[in-house]
Amino acid sequence: MHRTRKAAPAVRTARLASCALLATAAALTGCERGSSGGADETATGPSGCPTVQARAREAVTRAERTDIPWGGPTGGPEAVSGKSIVYVAQTMTNPGVAGAANGVRDAARTIGWDVRVIDGGGTPAGIQAAMSEAVALRPSGIVIGGFDPDSTTQQAARAGAQGIELIGWHAVPEPGPSRQPDLFTNVTTRVQDVARISAQWIISDSGGRAGVVLITDASIPFARNKSDLIRKELESCQGVRLLSVENIPIPDASSRTPREVSSLLSRFQDRWTHSVAINDLYFADAAPAFRAAGEKGSGPPYNIGAGDGDPSAFQRVNNEQYQAATVPEPLSLQGWQIVDEFNRAFSGRPDSGYVAPVHIATARNSEGASTWDPSGYREAYRKIWGK
C-alpha cells in the first residue's frame with residue numbers, strides 16, 4: 001500500500017509474524033495493562049481470521065475509491081435572505097471542528113449570510129460561556145460544533161425559547177434530527193461506518209495479525225462511542241490483539257501524546273504494529289516521540305486516523321510520516337450542508353436526510369491531495385439556493 005512497504009514485503013511479513021508470536025506468549029503469561037484481553041492468539045495459517053480479513057479487504061477497496069459522484073440533495077428551498085449564524089466550536093484546535101467551521105463560512109458567503117465563530121477552548125466552562133455568548137447575540141441559528149449539547153442544556157433551552165434554530169456537527173452519535181437534545185439535524189458521517197472501516201483497514205493491512213493501540217477522548221460522547229465501535233470491530237478478528245486503549249483529551253493532546261507514545265513504545269516494542277485514533281491530530285503530536293525513538297515514518301506502527309482528515313493528516317499520509325491512512329470527514333461539504341439545513345429550517349422544510357459516504361485516504365489514492373469531498377456539492381447547493 002505504501003512505497004516503503006512494497007520495497008520489503010518479506011521483512012514486514014516476518015515482523016508481523018513475530019509480533020503475533022510475541023502476542024501469543026503475552027496472552028499465555030497474562031494480559032498487558034490496558035489490553036483488551038480474551039483474544040484468541042492461537043489461530044493458524046496466513047491470517048488470524050481469513051473470512052473476516054477477506055470481507056475487510058473488500059470493504060477497504062470500496063472505501064478507497066475517489067471517483068464518488070454527488071449523492072446529496074438536488075432540490076430544496078431557494079436562499080432565505082438576511083440570516084445570521086453563530087458557530088460554537090468545541091475547540092478550534094480540533095481540525096475537524098475548524099474544518100467544518102471554514103466550510104460554514106464559505107457557504108455563508110455564497111448564500112449571503114453573516115457568520116461568527118466562537119471558540120469554546122475545549123473546556124466545559126469555556127463551551128458554556130461560548131454558548132451563552134452565542135445566545136445573547138440572538139442569531140437566526142447556532143451550530144453545536146463538536147460537543148455534547150447536554151453540557152449546555154440551559155443555553156440550549158434559552159435558544160429554543162427565542163426561536164433560534166440549533167444544528168449539530170458531530171454533536172450526537174447519529175446523523176439527522178434529534179429530539180433529546182432538540183436539534184433540527186446533526187451533520188456527520190455515520191460513526192458506525194467510520195469505526196468499522198478504520199478497524200477493517202487494520203485487519204486487512206495486517207493480514208489479520210496485529211497488535212493495536214487505540215487512542216480516544218472519553219470526555220466526548222461521540223468520540224467515546226466511536227472508539228467503542230472500533231474496539232468491537234477489531235475483536236471480530238481473533239488474530240488482532242488490542243494492546244491498550246489510551247484516553248487522551250483532545251485539548252491535552254499536544255502535551256500528553258508524546259509522553260504516552262514513548263511509554264507505549266517501551267512497553268510493547270515490536271508487538272505494537274498498528275494504531276487507530278479517533279482524530280488525526282494525535283499523530284501530529286505523536287510524530288516527535290516516534291522520531292526520537294528511531295521509528296521510521298513509514299511504520300510500523302502503521303497509524304490510521306478514524307476521522308477528520310485535515311490537510312496536515314493528508315500531508316503525513318502522502319509523505320509517509322507516522323500516518324498511513326485517514327478516514328476523512330468531508331469537512332467543507334459538511335459546512336455547506338449545515339448552511340443548507342439551516343435554510344431548510346428557516347423555510348419550514350424538513351432536513352435533507354443526506355449522510356456523506358465513508359472514505360479512506362492512503363498514499364496510494366491521495367498523493368497530492370489535502371482534503372477530500374465528493375465532487376459537485378458546491379454546484380449542487382448553489383443551484384438549490386438560486387446562487
Side-chain angles (χ1 to χ4, degrees), residues 1-9 12 56-57 59-68 93-100 102 189 193-206 210 212-216 226 230 250 253-254 257-258 261 272-291 295-334 356-375:
M1 193 169 288
H2 290 268
R3 292 182 292 274
T4 306
R5 301 183 198 183
K6 291 176 182 176
R12 182 162 183 257
R57 189 185 306 115
V60 168
T61 299
R62 288 194 302 271
E64 286 179 333
R65 289 183 51 193
T66 57
D67 57 338
I68 301 174
T93 63
N94 181 327
V97 172
N102 290 335
T189 49
D193 295 343
V194 174
R196 184 182 301 111
I197 201 65
S198 302
Q200 287 175 323
W201 181 86
I202 290 175
I203 293 167
S204 175
D205 187 72
S206 69
V212 183
V213 168
L214 170 57
I215 306 174
T216 189
K226 184 192 293 186
I230 291 170
I250 286 174
S254 60
T257 304
V261 166
W272 182 7
T273 67
H274 289 76
S275 313
V276 56
I278 55 93
N279 192 299
D280 288 308
L281 65 83
Y282 290 105
F283 297 124
D285 297 319
F290 284 128
R291 195 174 291 113
E295 299 290 339
K296 293 182 178 179
S298 55
Y302 303 99
N303 304 318
I304 181 169
D308 289 343
D310 67 290
S312 68
F314 276 83
Q315 186 175 26
R316 288 190 298 276
V317 168
N318 292 331
N319 295 331
E320 296 183 321
Q321 287 299 300
Y322 306 105
Q323 187 166 350
T326 180
V327 183
E329 293 283 342
L331 298 173
S332 179
L333 158 63
Q334 289 175 338
V358 72
H359 176 65
I360 289 181
T362 68
R364 183 172 64 186
N365 70 351
S366 70
E367 194 146 8
S370 59
T371 58
W372 176 79
D373 291 284
S375 62

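Distance check: Asn279 CG to Thr326 OG1 gives 8.5 Å after rounding to the nearest 0.5 Å. The line from CD of Gln200 to CZ of Arg57 is 12.0 Å long, rounded to the nearest 0.5 Å. Rounded to the nearest 0.5 Å, atoms CG (Asp205) and CD1 (Ile304) are 8.5 Å apart. One distance of note links OH of Tyr282 with OG of Ser254; it measures 11.0 Å at 0.5 Å rounding. The structure places CD1 of Ile197 at 8.5 Å from CD of Glu64, a figure rounded to the nearest 0.5 Å. Between the CZ atom of Arg196 and the CD1 atom of Ile203 there is a distance of 11.0 Å, given to the nearest 0.5 Å.
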Please test Ile250 against Ile278 for side-chain contact (heavy atoms from CB on, under 4.5 Å), starting from the C-alpha separation and ending with a verdict.
CA-CA 10 Å; Ile250 286 174; Ile278 55 93; 4.3 Å; yes
Passes side-chain contact (heavy atoms from CB on, under 4.5 Å), Val327 versus Val358? Steps please.
CA-CA 7 Å; Val327 183; Val358 72; 3.7 Å; yes
Can you list the steps and then say if Arg291 with Gln321 is a side-chain contact (heavy atoms from CB on, under 4.5 Å)?
CA-CA 9 Å; Arg291 195 174 291 113; Gln321 287 299 300; 3.9 Å; yes
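Residues Asn102 and Leu331 form no side-chain contact, since every pair of their non-hydrogen atoms from C-beta on lies 4.5 Å or further apart. Asp373 places none of its side-chain heavy atoms less than 4.5 Å from the side chain of Gln334. Within the 4.5 Å cutoff, side-chain heavy atoms of Trp372 are placed close to those of Pro374. Between Thr216 and Lys226 there is no side-chain heavy-atom pair separated by less than 4.5 Å.
Listed for the Asp193 side chain is no donor-acceptor partner under 3.5 Å among the backbone atoms of Pro357. Listed for the Asn365 side chain is a donor-acceptor partner under 3.5 Å among the backbone atoms of Thr362. Although no hydrogens or angles enter the test, the distance criterion places no donor-acceptor pair under 3.5 Å between the side chain of Asp308 and the main chain of Pro95. In this structure, the side chain of Arg316 engages the main chain of Asp280 through a donor-acceptor pair within 3.5 Å.
Here the closest heavy-atom approach between residue Phe314 and residue Ala369 is recorded as CB-O, 3.4 Å. Of all heavy-atom pairs between Gln323 and Gly305, the closest is NE2-N, 3.7 Å. Here the shortest heavy-atom pairing between Pro311 and Thr371 reads CG-CG2, 4.3 Å. Across all non-hydrogen atoms, the minimal contact from Val261 to Ala289 is CG1-CB, 3.7 Å. Ala325 and Ile360 make their closest contact through CB-CG2, 4.4 Å (heavy atoms, listed as atom of the first residue, atom of the second, distance). The two atoms that bring Val317 and Ala324 nearest to each other are CG1-O, 3.7 Å, heavy atoms only.
A tilted orientation is assigned to the rings of Trp272 and Phe290, their planes being inclined by 30° to 60°. Using the six-membered ring where Trp is involved, His274 and Tyr302 have ring planes that are tilted, between 30° and 60° apart.
Of the options Leu214, Val60, Ile230, Val212, a side-chain contact (heavy atoms from CB on, under 4.5 Å) to Ile202 is made by Val212 and by none of the others.
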